[in-house]
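Structure record follows, encoded as structure tokens.
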Amino acid sequence: MPTTEPTTELLLEIYDRLLANVGERNWWPVRYDSGAEAGFEIAAGAILVQNTSWSNAERALKNLHEAKIWGYQAVYEADESKIVEAIRSSGYYNTKTKKLRAYAQTLVEEFGGDDANLFDLELSELREKLLSIYGIGEETADDIILYAAKKPSFVMDAYTRRLVDRLGWKVAGNKYADYQRLFMSKLKPNVEIWGEFHAQLDGQAARVCMKRNPLCESCVLLDLCPTGKKNLS
DNA sequence: ATCCTGAGTC
DNA sequence: GACTCTGGAT
């Protein structure tokens with residue numbers, strides 16, 4: 001069992017190295033709306049990307065926009081079959097259609113169709129509300145909180161867990177919250193940095209620290225990683 | 001533990 | 001052909 005815990009300084013060191021290595025990621029780009037519907041685009045993207053590649057989710061967003069099923073009211077009123085057709089590329093299209101509609105329904109019926117009213121909730125209340133909606137689990141909730149509502153909730157996911165495990169860090173348990181706490185308890189709340197940090201960790205896991213055949217020899221974190229040293233020895 | 005499920009990569 | 005991808009509900 002790993003017994004080491006990262007310090008705040010180590011986490012920031014890793015952040016700096018990754019950022020210096022690949023530059024800022026354009027994580028969660030908003031293509032169709034920088035104004036009133038930006039929150040919708042981010043939340044819809046967060047649902048559509050579940051267990052799927054971003055390219056598939058992005059295509060679904062594009063099709064939704066072109067079909068003019070755009071915004072909470074539009075999704076709320078649209079035929080299910082039209083949504084299914086538009087988001088087919090994202091996979092799990094029947095399930096995701098129900099998820100999109102559940103989120104839109106909450107926004108329209110409880111928040112006047114304006115996500116500013118939802119995002120005004122205090123962080124823990126906002127998270128509880130999001131988690132109560134069908135189709136929104138912890139990761140999707142934190143995506144929406146951090147990237148759309150712009151409140152500090154560190155996004156955890158399978159990529160980041162893999163990095164944490166390979167770096168040999170001690171984690172209190174095996175749950176989402178255990179891994180999330182590792183970062184949130186050591187980093188000062190900062191929406192910009194947390195958003196970029198998550199993007200950097202995901203990029204590293206996807207392109208260097210892959211599930212199989214990781215590229216340890218070219219990893220900028222190699223000197224900090226027991227798994228990498230072992231792989232190369 | 002199983003179901004949902006498209007598109008790219010190996 | 002199998003695997004992986006910015007998961008969540010049952």
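Per chain, numbering begins at 1; letters A, B, ... match sequence-line order.
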ask   = Is the shortest side-chain N/O distance from S53(A) to OP1 or OP2 of dG6(B) below 4.0 Å?
value =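 No, S53(A) has no side-chain N/O under 4.0 Å of OP1/OP2 on dG6(B).
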ask   = Do any side-chain nitrogens or oxygens of R212(A) fall under 4.0 Å of OP1 or OP2 in dC3(C)?
value =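 So the side-chain polar atoms of R212(A) never come under 4.0 Å of the phosphate oxygens OP1 or OP2 of dC3(C).
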query = Looking only at heavy atoms, which two atoms of Y92(A) and N51(A) are closest? And how far apart?
reply =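 Here Y92(A) and N51(A) meet closest at OH-ND2, 2.9 Å.
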Write down the distance between [atom1] ([X]) and [atom2] ([N]), rounded to a whole number of angstrom.
X: R161(A); N: dT4(C); atom1: CZ; atom2: C1'; result: 17 Å
X: E139(A); N: dA9(C); atom1: CD; atom2: P; result: 12 Å
X: Q50(A); N: dT4(C); atom1: CD; atom2: C1'; result: 17 Å
X: L48(A); N: dC4(B); atom1: CG; atom2: C1'; result: 14 Å
X: R207(A); N: dT4(C); atom1: CZ; atom2: C1'; result: 16 Å
X: M210(A); N: dA2(C); atom1: CE; atom2: C1'; result: 17 Å
X: D142(A); N: dG8(C); atom1: CG; atom2: P; result: 9 Å
X: W54(A); N: dA7(B); atom1: CH2; atom2: C1'; result: 16 Å

Do any N or O atoms of the protein come closer than 3.5 Å to N or O atoms of nucleotides 8-10 of chain B, and which pairs are they?
none

query = Relative to the ring of W70(A), is the ring of F40(A) parallel (under 30°), tilted (30 to 60°) or perpendicular (over 60°)?
reply =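 F40(A) vs W70(A) ring planes: perpendicular.
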task = Please state whether the rings of W28(A) and Y147(A) are parallel, tilted or perpendicular, taking 30° and 60° as the class boundaries.
result =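 W28(A) vs Y147(A) ring planes: parallel.
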key: Position toward the 5' end of DNA chain C (nearest nucleotide), L131(A) or R25(A)   =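 Nearest-nucleotide comparison on DNA chain C picks R25(A).
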query = Taking the nucleotide of DNA chain C with the closest heavy atom to each, which residue, A141(A) or K211(A), is nearer the 5' end?
reply =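 Residue closer to the 5' terminus by nearest nucleotide: K211(A).
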If we count only N and O atoms by modelled type, under 3.5 Å, do the side chains of [X] and [Y] hold a donor and an acceptor together?
X: Y76(A); Y: E109(A); answer: yes
X: Q200(A); Y: Q204(A); answer: no
X: T140(A); Y: K99(A); answer: no
X: D157(A); Y: T160(A); answer: yes

key: Worked verdict on L19(A) versus E24(A) for side chain to side chain contact (heavy atoms under 4.5 Å, CB included)   = CA-CA 6 Å; L19(A) 187 57; E24(A) 283 190 21; 3.9 Å; yes
query = When we call it a touch if two heavy atoms are under 4.0 Å apart, what does R162(A) touch: a base, just sugar-phosphate, or nothing?
reply =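 Answer is sugar-phosphate: R162(A) comes under 4.0 Å of backbone atoms only.
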query = Contact class for I47(A) vs. all strands (heavy atom < 4.0 Å): base, sugar-phosphate, or nothing?
reply =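 Answer is nothing: I47(A) stays at 4.0 Å or more from every strand.
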key: Span that lies between the P atom of dG1(C) and that of dC4(B), in whole angstrom   =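 That atom pair is separated by 22 Å.
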inquiry  = Nearest 0.5 angstrom please: E196(A) CD to W27(A) CH2, how far?
reply    =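 Answer for the CD-CH2 pair, E196(A) versus W27(A), is 10.0 Å.
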message = Would you compute the distance between atom CG of L18(A) and atom CG of D202(A) and round it to the nearest 0.5 angstrom?
response =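 Result: 11.0 Å between the selected atoms.
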query = Which of residues 78-100 of chain A sit near DNA chain C, with a heavy atom under 4.0 Å from it?
reply =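 Going residue by residue through residues 78-100 of chain A, the ones with a heavy atom under 4.0 Å of DNA chain C turn out to be K99(A).
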